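Quick note: numbers below take in every heavy atom, side chains included, and nothing from hydrogens, waters or symmetry partners. Predicted model only: the values in this text are computed from it and were never measured. Remember, it's 1-based here, ligands and their atoms both numbered in the order they're listed.
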Amino acid sequence: MLNRIHTFHRYSVASLGVNIDHIANVRQARRTVEPDPVPMALLAELGGADGITVHLREDRRHIQDRDVDLLRQTVRSRLNLEMAATDGMIQIALRVKPDMVTLVPERREEVTTEGGLDVAGQLLQLKTMVQQLHNEGIPVSLFVDPDQQQLQACHDAGARWVELHTGAYAEAAWTHQPHELARLTEATAYSRSLGLRVNAGHGLTYQNVEPIAAIEGMEELNIGHTIVARALAVGLKEAVSEMRSLVQNPRREPLFASQN
Ligand code: PXP
């Protein structure tokens, strides 16, 4: 019989990048100052985030330039700046100097990033951008579908990292999920055989994350929406109770002292 006591395995352990875009979404719904993603990033770090990710979209629908500038000054883990592969965004990244840039496809009408980058289809352009960022010491990750042709193109573009799009896995019916998981597992192994380091993300939840976190060689998962949703679920009761006590027991003295 196998002696379990003497059987040791060494597993790779993935780290967690927390995407805080949806905190900014709530603020932008009112164009006000709360919730502010900058102090929230500190709370995420206190909770154990290994990195903070923000997507500065060209339409600035959630994260603003001011957020990125302040986060650069305050994030003490790693700041991963997601952005479209355009010259304008590259100039911003060269000025801000995040710890990593993840290039993603962007379409104005989409609700969220819908597919991976077509790296093979814009190889020369991406190669130049990757080089510009690497020259300034900023590592570049390319967000792609788990597809060998795209992964080979990421290598050819000179990227050091890829982020595998987990959307198809997250959206698959449970009968099809093992197939999508196998694609991601194979893509991770293939990327690493090319010398690429591997992140993954999109659509991961408390229910579906574990098989992805357990993929051997997976370095970091970028997770946003489900964490912000969970924060509402675990925080709403306390938030309502604080407001209720103010409404039921208000201070009666005038808020502003008389000027005279
Ligand atoms: N990784 C990338 C490249 C993304 O574009 C997004 C969504 O902004 C995420 C990860 C996080 O996805 P989700 O919010 O679904 O966790």
Quiz item: Should the proximity of His165 to ligand 1, defined as any heavy atom under 4.0 Å, be assigned to the side chain, the backbone, both, or neither?
Solution: neither
Quiz item: Quick one: ring pair (Phe, Tyr, Trp, His ring centres under 6.0 Å) pairs with a partner in residues 58-90, sequence neighbours left out?
Solution: none
Taking 4.0 angstrom as the limit and counting only heavy atoms of [X], give me the atoms of ligand 1 inside it, by number and element.
{"X": "Val104", "answer": "3 (C)"}
{"X": "Asn19", "answer": "8 (O)"}
{"X": "His225", "answer": "13 (P), 14 (O), 16 (O)"}
{"X": "Asn222", "answer": "10 (C), 11 (C)"}
{"X": "Ile223", "answer": "16 (O)"}

Quiz item: Are Leu70 and Leu46 grouped together when hydrophobic residues (ILVMFWY) are joined by side-chain heavy atoms under 4.5 angstrom apart?
Solution: yes
Exercise. Please confirm whether Thr226 comes within less than 3.5 Å of ligand 1 when only nitrogen or oxygen atoms on both sides are compared.
Key: no
Quiz item: Less than 3.5 Å between some nitrogen or oxygen of Gly224 and one of ligand 1, yes or no?
Solution: yes
Quiz prompt | Qualifying residue for side-chain contact (heavy atoms from CB on, under 4.5 Å) with Glu45, from Ile52, Asp50, Thr74 | solution = Ile52
Exercise. Report yes or no: does a heavy atom of Thr102 sit under 4.0 Å from some atom of ligand 1?
Key: no
Quiz item: Under the ring pair (Phe, Tyr, Trp, His ring centres under 6.0 Å) test, which residues partner His134, sequence neighbours left out?
Solution: none
Quiz prompt | Candidate with minimal heavy-atom separation from atom 1 (N) of ligand 1, of His62, His55, His22, Glu163 | solution = Glu163
Quiz item: Are side-chain N/O atoms of His202 and Glu163 paired as donor and acceptor at under 3.5 Å?
Solution: no
Practice problem: Ignoring hydrogens and angles, state whether a donor on the side chain of Thr32 or Glu34 is under 3.5 Å from an acceptor on the partner side chain. | Solution: no
Quiz item: Can Arg78 and Glu220 be counted as an ion pair, charged N to O under 4.0 angstrom?
Solution: yes
